[in-house]
Peer 1: 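Quick one: the structure is below, and I'll ask about it shortly.
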Amino acid sequence: MTRPRAVFAMNPRLVRAVFDEDALARLRRAADIDTELVLGELDSARSRDALAGAEILVAGWDAPVVRAEHLPGTERLRAVVYAGGVAATCLEDPAAFAARGVVAANARTANSGPVAEYTLAMILLANKRVLTEERRYRASRTRPDHFGAYAGGGNYRQTVGIVGASTVGRALLALLRPFDLDVLLYDPTLTAEQARALGARLVPLDELMASSRVVSLHQPLTPATRGQIDAGRLALMPDGATLVNTARGGVVDQEALIAELRTGRIDAVLDVTDPEPPEPGSELWTLENVVLTPHLAGSLGGELHRLGDAVVDEVERFAAGRPFAHPEDLAACARTRVR
């Protein structure tokens with residue numbers, strides 16, 4: 001069987017970070033690919049020639065966007081496999097490719113595990129008030145009254161709210177099952193029965209915000225969800241509650257969040273912000289009730305190899321004439337993309 005021709009399109013530094021030697025060897029067996037050639041742009045003659053010959057675009061973070069002027073040179077393209085969450089991010093017009101029968105897959109599922117693990121850790125720490133108490137202990141250098149200082153804290157029968165049964169949201173729900181927690185879920189696409197199957201109780205978003213000790217965000221960023229967590233919903237959170245955001249910064253009204261955090265009434269764990277990173281003068285850098293991490297919840301270090309293996313798995317399936325294990329609907333992505 002003739003191997004399909006493939007080409008890398010991503011930040012060139014990512015290839016060796018994402019694909020170890022075994023993965024690169026598997027990729028070369030499945031496809032006709034020069035693993036030393038990585039397209040960081042699509043406007044040079046060399047890049048256009050490589051793109052014109054490709055049947056599979058193996059893309060990833062910082063991939064150059066295939067724009068309208070590139071379309072005449074992509075007649076052979078049949079598949080896009082993305083080492084990240086959304087393959088359509090490297091296509092200016094995903095619907096145009098979908099109409100031509102181009103199929104896509106992404107490694108979102110492979111990346112969901114580390115995000116869910118990070119979030120689980122932050123939820124458990126937030127319920128124990130670890131981050132707040134660490135600062136207090138360091139400042140006072142005295143032991144608190146363990147029987148009086150922590151009323152309402154801990155992880156036994158605590159209420160945790162999950163916003164969005166996305167891939168990461170579902171992975172987190174699975175990790176929460178062993179704990180004695182009351183898990184609430186908001187997702188307008190699910191029924192109450194489907195939520196119960198995931199180990200949660202389906203509730204309206206405002207009820208979730210008002211009832212949860214920790215609120216963890218996992219909705220996609222779409223026109224409908226931009227700024228969804230606004231001043232009114234932040235005000236519903238109980239005193240001492242924690243907002244965890246590993247989704248996208250844009251799902252939260254940033255100015256409203258800063259205003260609420262400024263009061264000291266709630267805490268926040270923010271792995272994503274809008275903009276990212278925050279402006280140099282943003283109060284998010286200095287507020288003591290904020291844990292700010294540089295978008296590290298997802299795969300990093302050796303975890304990136306899981307993404308590479310997932311990409312190679314999909315290329316092998318495509319080369320063998322089998323459907324993708326984790327397909328992406330390019331037409332749907334075009335309809336919901338945030339401009």
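These values consider heavy atoms only, across backbone and side chains, with no hydrogens, waters or symmetry-generated copies. Quick caveat: nothing in here was measured; it's all calculated off a predicted structure.
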Peer 1: Counting C-beta onward and ignoring hydrogens, is there a side-chain heavy-atom pair between Val269 and Val290 closer than 4.5 Å?
Peer 2: no
Peer 1: Under a 3.5 Å distance rule, please check whether Ser282 uses its side chain to pair with a backbone N or O of Glu279 as donor and acceptor.
Peer 2: no
Peer 1: Rounded to the nearest 0.5 Å, what's the gap from NE2 on His326 to OG1 on Thr109? Could you check?
Peer 2: 4.5 Å
Peer 1: Would you mind reporting whether Pro323 and Arg317 have side-chain heavy atoms less than 4.5 Å apart?
Peer 2: no
Peer 1: Would you find a donor on one side and an acceptor on the other, under 3.5 Å apart, between the side chain of Gln254 and the backbone of Val252?
Peer 2: yes
Peer 1: Starting from Leu77, can I reach Leu42 by hopping between I/L/V/M/F/W/Y residues whose side chains sit under 4.5 Å apart?
Peer 2: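 Shared cluster, yes.
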Peer 1: Nearest 0.5 angstrom please: Met209 CE to Tyr186 OH, how far?
Peer 2: 12.0 Å
Peer 1: Got a donor-acceptor contact below 3.5 angstrom from the Asp187 side chain to the Ala165 backbone?
Peer 2: yes
Peer 1: Determine, stepwise, if the pair Ile162 / His218 fulfils side-chain contact (heavy atoms from CB on, under 4.5 Å).
Peer 2: CA-CA 7 Å; Ile162 309 300; His218 301 284; 3.8 Å; yes
Peer 1: Are His70 and Asp43 close enough that a side-chain donor and a side-chain acceptor fall under 3.5 Å?
Peer 2: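 On atom types as modelled, these side chains qualify, holding a pair under 3.5 Å.
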Peer 1: Is Leu205 reachable from Leu217 through a run of I, L, V, M, F, W or Y residues, each pair having side-chain heavy atoms under 4.5 Å apart?
Peer 2: yes
Peer 1: Can you tell me how far CD of Glu283 sits from CZ of Arg262, rounded to the nearest 0.5 angstrom?
Peer 2: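 The distance works out to 4.0 Å.
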Peer 1: Taking Arg265 for the side chain and Met237 for the main chain, is one N or O donor matched with an acceptor at less than 3.5 Å?
Peer 2: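 Yes, Arg265 side chain to Met237 backbone: donor-acceptor pair under 3.5 Å.
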Peer 1: Do Ser47 and Ser44 have side-chain N/O donor and acceptor atoms under 3.5 Å apart?
Peer 2: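 Yes, Ser44 and Ser47 have a side-chain donor paired with an acceptor closer than 3.5 Å.
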Peer 1: Do Arg213 and Thr242 get their side chains close enough for a donor-acceptor pair, meaning under 3.5 Å?
Peer 2: no
Peer 1: Within the supplied structure, the quantity of interest is the number of heavy atoms (other residues, nucleotides, ligands) at a distance under 6.0 Å from Arg100 CZ; does it exceed 12?
Peer 2: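 It does: Arg100 CZ has more than 12 such atoms within range.
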Peer 1: Would a distance-only check, ignoring hydrogens and angles, find a side-chain to backbone donor-acceptor pair under 3.5 Å from Thr222 to Thr225?
Peer 2: yes
Peer 1: Could you please spell out the steps behind the side-chain contact (heavy atoms from CB on, under 4.5 Å) verdict for Asn106 and Val86?
Peer 2: CA-CA 6 Å; Asn106 61 55; Val86 183; 5.5 Å; no
Peer 1: Given side chains that start at C-beta, do those of Leu257 and Leu270 come closer than 4.5 Å, heavy atoms only?
Peer 2: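 Answer yes - side chains close enough.
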Peer 1: Any non-hydrogen side-chain atom of Ile123 less than 4.5 Å from a side-chain atom of Phe179?
Peer 2: no
Peer 1: Assess whether a salt bridge exists between Asp274 and Arg248, defined as any Lys/Arg side-chain N lying under 4.0 Å from an Asp/Glu carboxylate O.
Peer 2: no
Peer 1: May I ask you to check whether Thr132 and Asp267 show a side-chain donor-acceptor distance below 3.5 Å?
Peer 2: yes
Peer 1: With distance as the sole test, does Asn289 use its side chain to make a donor-acceptor pair with the main-chain N or O of Leu261 at under 3.5 Å?
Peer 2: yes
Peer 1: Any side-chain heavy atom of Asp206 within less than 4.5 Å of one from Leu236?
Peer 2: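 Yes, at least one pair of side-chain atoms sits under 4.5 Å.
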Peer 1: Report the C-alpha separation of Leu292 and Thr273 in whole Å, then their side-chain angles, then the decisive distance to 0.1 Å, and conclude whether the side-chain contact (heavy atoms from CB on, under 4.5 Å) test is met.
Peer 2: CA-CA 9 Å; Leu292 195 61; Thr273 55; 3.9 Å; yes
Peer 1: Under a 4.5 Å cut-off applied to non-hydrogen side-chain atoms, are Ile229 and Val215 in contact?
Peer 2: no
Peer 1: If we count only N and O atoms by modelled type, under 3.5 Å, do the side chains of Tyr137 and Thr142 hold a donor and an acceptor together?
Peer 2: no
Peer 1: What verdict does the side-chain contact (heavy atoms from CB on, under 4.5 Å) test give for Glu41 and Arg48, after you've listed the backbone C-alpha separation in whole Å, the side-chain angles of each residue and the deciding distance to 0.1 Å?
Peer 2: CA-CA 9 Å; Glu41 47 75 31; Arg48 286 178 181 263; over 6 Å; no
Peer 1: Would you list the pairs meeting side chain to side chain donor-acceptor pair (under 3.5 Å) in which at least one residue belongs to residues 157-181, sequence neighbours left out?
Peer 2: none
Peer 1: Would one find more than 12 heavy atoms of other residues, nucleotides or ligands at under 6.0 Å from atom CD of Glu288?
Peer 2: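 It does not: Glu288 CD has 12 such atoms or fewer within range.
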Peer 1: Could you see if Leu284 belongs to whatever hydrophobic cluster contains Met122? Use Ile, Leu, Val, Met, Phe, Trp, Tyr and a side-chain cutoff under 4.5 Å.
Peer 2: no
Peer 1: Would you give the length of the straight line joining atom CD1 of Ile266 to atom CD of Glu260, rounded to the nearest 0.5 angstrom?
Peer 2: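 With rounding to 0.5 Å, CD1 (Ile266) is 5.0 Å from CD (Glu260).
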Peer 1: Please lay out, stage by stage, how Arg306 and Ser299 fare under the test side-chain hydrogen bond (donor to acceptor under 3.5 Å, both in side chains).
Peer 2: CA-CA 8 Å; Arg306 186 188 288 118; Ser299 300; 4.7 Å; no
Peer 1: Is the side chain of Arg129 donor-acceptor paired with the backbone N or O of Gly240 at a distance under 3.5 Å, no angle test?
Peer 2: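 Such a contact is found between Arg129 side chain and Gly240 backbone.
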Peer 1: Dump the intermediate steps for salt bridge (Lys or Arg N to Asp or Glu O under 4.0 Å) on Arg67 and Asp93, then the final yes or no.
Peer 2: CA-CA 7 Å; Arg67 303 187 302 273; Asp93 187 357; over 6 Å; no
Peer 1: Look only at the side chain of Arg233 and the backbone of Gln228, and say whether a donor-acceptor pair between them is shorter than 3.5 Å.
Peer 2: yes
Peer 1: Are Leu172 and Val272 connected in the hydrophobic side-chain network, where two residues link if heavy atoms are under 4.5 Å apart?
Peer 2: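 No, no single cluster joins them.
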Peer 1: Tell me whether the count of non-hydrogen atoms from other residues, nucleotides or ligands lying under 6.0 Å of CD in Glu75 goes above 12.
Peer 2: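 Atom CD in Glu75 is crowded, with more than 12 foreign heavy atoms closer than 6.0 Å.
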Peer 1: Please check: side-chain N/O of Arg138 versus main-chain N/O of Glu133, any donor-acceptor pairing under 3.5 Å?
Peer 2: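 Between the backbone of Glu133 and the side chain of Arg138 there is no qualifying donor-acceptor contact (under 3.5 Å).
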Peer 1: Determine, using the 4.5 Å side-chain heavy-atom cutoff (strictly less than), whether Leu173 and Leu181 are members of one ILVMFWY cluster.
Peer 2: yes
Peer 1: Should side-chain heavy atoms under 4.5 Å link Ile, Leu, Val, Met, Phe, Trp and Tyr, which residues sit in the same cluster as Met10?
Peer 2: Phe8, Leu14, Val15, Val18, Phe19, Leu24, Leu27, Ile33, Val38, Ile56, Val58, Trp61, Val81, Tyr82, Val103, Leu304, Leu307, Val311, Val312, Val315, Phe318, Phe324
Peer 1: Counting N and O atoms only, with roles assigned by atom type, does the side chain of Glu55 sit under 3.5 Å from a partner on the main chain of Ala6, one being a donor and the other an acceptor?
Peer 2: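 Not at all, since once roles are kept as given, no pair shorter than 3.5 Å links the two residues.
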Peer 1: Between His295 and Thr293, does any side-chain donor sit less than 3.5 Å from a side-chain acceptor?
Peer 2: no
